[in-house]
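Input: a single structure, listed below in structure tokens.
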Amino acid sequence: MNYQKLADMLFPEVDKTPADYEAMFPQRNLPEGAKVTRLGPSPTGFIHLGNLFGAFADERLAHQSGGVFFLRIEDTDDKRFVDGAVEIIINSLRFFGIKFDEGATIEGEVGDYGSYTQSRRKAIYQCFAKKLISEGKAYPCFLTEDEISEIRNQQEAAKQTPGIYGKWALSRNLSFEEIEAKISQGQPYVIRLKSDGDMSLPEDQIKRFEIEDAIRGTLSMPVNDQDTVILKTNGTPTYHFAHVVDDHLMRTTHVVRGAEWLPSLPIHVELFEKLGFEPPVYCHTAQLMKIGEDGNKRKLSKRKDPELSLDYYRKLGYHPAAVREYLLTILNSNFEEWRIANPDADIEEFEFTTEKMSNSGALFDLNKLNDVSKDVLLKISVSDLFDFLKSWAAEFRPELFHIFEDRKYLETILDIGRHEAKPRKDHIYAEQIVDNISYFFDDMFRIQEDFPPEAKGDAVEIISRYLEGYCHSDDQETWFNKIRQIAVDMGYAAKPKDYKKHPEEYKGHVGHVSTVIRIAVMGRSQSPDVWEIQQILGEERTIERLKNCL
RNA sequence: GGCCCCAUGGUCAAGCGGUUAAGACAUCGCCCUUUCACGGCGGUAACUCGGGUUCGAUUCCCGAUGGGGUCACCA
């Protein structure tokens, strides 16, 4: 068989050689140790927490080393394409602080290693497929879907590994004339890798290879034996082929991807070898898991798990910095420790390493996210918090626009208790914050709890006495002493401890009395300090709400 | 089923042959306290199971078990 002749017949339109591309995309001129990473989403427009998780690793690795982080759109499957998806991807990632140096952007492509959109790289893939054909390392395969499933049935019946390989690879040994004939008949075909692997060998003779994974250490696997499709019928590459060609030509040094790719690593290794390329450093990350209905861990699925979607967090109004901080705590095991030691340091100062990445699947922990978020929000200035809430509301809760009309008022509210030695940590995410502070706005204020049973019968009297002695300019101490006096006068203990010791001597304690006031003014029994809130609400509104309870 | 990955409390995890087996979140109790939040103190709670190697294994090796992933002209 004259492979060169075959290659020329199959790819008459290829006018460049691999050497041409090598020259077009030379080694990058970067400082020693600089890492080149990439994110390669398919343009379904759906980027999830897992993508973001990996993107952080990519971004840190590149930028920490003075390298390059680029975005490549992997749109080799036209079925997956969703209009406007690229824009969504870029915007979503930008929202969480991920910025690319190179690749696809909203304005177009930036960088010298493009195109960064796989559908525009067809000529490149064809060129390298042609090279493989010309060297007898790949071949056209005319197997139809039906034939392939028939082969599978036979394999399953014989308990053999399914797939096209070895003796099952019926198109492997077609003669040039046979191929020519089939093509002239218009028979569709794919290009398959002609694998060297032979899985039919006895187990101890199957060849294995070893490769260093930056997260997992040395990996040992059997070599690939599948004649994997590298070019589909329509001439577009499969992921496997595109990955190898692109990451070589784009001079990617580190490939960060989920562990679900581990099983196809042998294919990639064989492709790199057959193409004569040096493989990148692989970093196979653990997958994000969740507890399924059956109580077992399972991979987060985009169909079943809304919390996998980035939108889920945006809708609830988690601050991007909180999500970033949380993700880093599960991304690098020593991050939390570092954060405790450096509470105010910029996240970029943390030295991220692949070695510290966990290699078992982490369960997504909403509790932890909430806890992290409280601290993160505390570090954000009220002004920024205001802006964040406002833009969140503009997108998800437009009916709330009015609470942002008086900037000073809202900022004062948001700032309650944030500057104490032991600051309050009330704020977690926008949805929750808005609910927390709703009673500051008349249209959202409503009494939503009953008076405490200890003081329910006295509620009206407590409120009217309170109103009688109310002086808005009282300082906090004077103010509270008045409440305490009301409590004592009406048979309540001045201190909760007294009541606890001798519950039979009192109706309740001062806390029950103040809870009555709290409910009258805030509509709920739990809130920050009443005096402080009244000062913010103003005299008129406070008195009005109290009177409404009489 | 084949192949691959993984295995310390409820969760995330330190540990890398000898430790009272860290820490964080969650949970429980106490303290602080007019409620809540914060904070402080304390408690419950873990090395999947067998074999080896070793004076000694959570740690190294093998096996089992369990969990996960993957077996497409999807990525």
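This one's a predicted model, so the numbers in the text were calculated from it and none came from an experiment. Just so we're on the same page: letters track the sequence lines, and every chain starts at 1. Hydrogens, waters and symmetry mates play no part in the numbers below; they use all other heavy atoms, side chains included.
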_Sugar-phosphate only, base, or nothing, as touched by A:P496 at under 4.0 Å among non-hydrogen atoms_ = sugar-phosphate

*Might you work through the salt bridge (charged side-chain N to carboxylate O under 4.0 Å, His left out) test for A:K356 and A:E337, ending with a clear yes or no?*
CA-CA 12 Å; A:K356 285 289 182 184; A:E337 202 176 289; over 6 Å; no

*asked:* With a 4.0 Å limit, can you tell me whether A:K425 has a side-chain N or O closer than that to the phosphate oxygens OP1/OP2 of B:G39?
replied: yes

*Which part of the nucleic acid does A:L143 contact within heavy-atom distance under 4.0 Å: base, sugar-phosphate only, or nothing?*
base

*Can you tell me if A:D75 uses its side chain to pair, donor with acceptor, with the backbone of A:S119 under 3.5 Å?*
yes

*Got a second to check how far A:I437's CD1 is from A:D426's CG, nearest 0.5 Å?*
10.5 Å

_What contact category does A:W531 fall into here, base, sugar-phosphate, or nothing, at under 4.0 angstrom with non-hydrogen atoms?_
nothing

*With respect to the phosphate group of B:A75, does any side-chain polar atom (N or O) of A:T76 fall under 4.0 Å of OP1 or OP2?*
yes

*Using a cut-off of 4.0 Å on non-hydrogen atoms, how would the nucleic acid contact of A:V190 be classed: base, sugar-phosphate, or nothing?*
base

*Taking the same atom, P, in B:G43 and in B:U35, what whole-Å distance lies between them?*
26 Å

*Fit a plane to each ring of A:H512 and A:H509, take the angle between them on a 0 to 90° scale, and name the class: parallel (under 30°), tilted (30 to 60°) or perpendicular (over 60°).*
tilted

_Residue met sooner reading RNA chain B from 5', once A:V530 and A:P237 are mapped to nucleotides_ = A:V530

*For the side chain of A:T238 and the base of B:C73, is some donor closer than 3.5 Å to an acceptor across the two?*
no

*Return no unless some side-chain N or O of A:K500 is found under 4.0 Å from OP1 or OP2 of B:C30.*
no

*Indicate, with a heavy-atom threshold strictly under 4.0 Å, whether A:K368 touches base, sugar-phosphate, or nothing.*
base

*Ring centroids of A:F480 and B:U34 base under 5.5 Å with planes under 30°*: yes

*Name the nucleic acid region contacted by A:S264, choosing base, sugar-phosphate or nothing; use a 4.0 angstrom heavy-atom cut-off, strictly under.*
nothing

*Mind checking A:R418 for me? I need base, sugar-phosphate or nothing, with any heavy atom below 4.0 Å counting as a touch.*
nothing

*Please state whether the phosphate of B:C32, meaning OP1 or OP2, lies under 4.0 angstrom from any side-chain nitrogen or oxygen of A:K497.*
yes

*Starting at CD1 of A:I215, measure out to CD of A:E355 and round the result to the nearest 0.5 Å.*
9.0 Å

*Look at the side-chain N and O atoms of A:S333 and state whether any lies under 4.0 Å from the OP1 or OP2 oxygen of B:A14.*
yes

*Determine the Euclidean distance between corresponding P atoms of B:A22 and B:A46; express it in Å to zero decimal places.*
12 Å

*If you look at every strand shown and take non-hydrogen atoms under 4.0 Å, does A:R524 touch a base, only sugar-phosphate, or nothing?*
nothing

*Could you check which residues of residues 147-156 of chain A get a heavy atom under 4.0 Å from RNA chain B? Sort them by number, please.*
A:R152

_Whether A:K374 contacts B:C38 is assessed here as follows: a side-chain N or O lying under 4.0 Å from the phosphate OP1 or OP2. Is that the case?_
yes

_Can you give me the dot-bracket string for RNA chain B, 5' to 3', counting Watson-Crick and G-U wobble pairs with both distances under 3.5 Å, using [ ] for crossing pairs and | for partners on another strand?_
((((((((.[[[..)..(....]]].(((((.......)))))....[[[[[..)....]]]]])))))))....

*Check whether any side-chain nitrogen or oxygen of A:S358 sits under 4.0 Å from OP1 or OP2 of B:A13, and answer yes or no.*
yes

_Using a heavy-atom cut-off of 4.0 Å across all strands, would you classify A:D529 as base, sugar-phosphate, or nothing?_
base

*Quick one: are the ring centres of A:H243 and A:H240 less than 6.0 Å apart?*
no

*asked:* Distance check, C1' atoms only: B:C32 and B:A21, in whole angstrom units.
replied: 33 Å

*asked:* Please report the distance separating the P of B:U53 from the corresponding atom of B:U65, rounded so that it comes out in whole Å.
replied: 23 Å

*asked:* If you go through the side-chain atoms of A:R518, does one of them form a donor-acceptor pair with the base of B:U34 closer than 3.5 Å?
replied: yes

*If you pin A:T329 and A:K356 to their nearest nucleotides in RNA chain B, which one's is more 5'?*
A:T329

*Verify whether one side chain among A:T236 and A:N234 offers a donor that lies under 3.5 Å from an acceptor in the other.*
yes

_Using only modelled atom types and a 3.5 angstrom limit, is any donor from either the side chain of A:R424 or the base of B:C36 paired with an acceptor on the other?_
yes

*How far does the P atom of B:U27 sit from the matching atom of B:G67, given to the nearest Å?*
29 Å

*Between B:A14 and B:C28, how far is it from one C1' atom to the other, in whole Å?*
25 Å

*Between A:F128 and A:H248, is the gap from one ring center to the other below 6.0 Å?*
no

*Does the separation of the ring centres of A:Y189 and A:F142 fall below 6.0 angstrom?*
yes

*Quick one: are the ring centres of A:Y326 and A:H319 less than 6.0 Å apart?*
no

_Whole-angstrom distance between B:U11 and B:A26, as gauged at atom P_ = 15 Å

*May I ask you to check whether A:F364 and A:Y313 place their ring centers less than 6.0 Å from one another?*
yes

*Does atom NZ of A:K207 have more than 12 heavy-atom neighbours from other groups under 6.0 Å away?*
no

*Have a look at A:P162 and say if it touches a base, only the backbone sugar-phosphate, or nothing, with a 4.0 Å heavy-atom cut-off.*
nothing

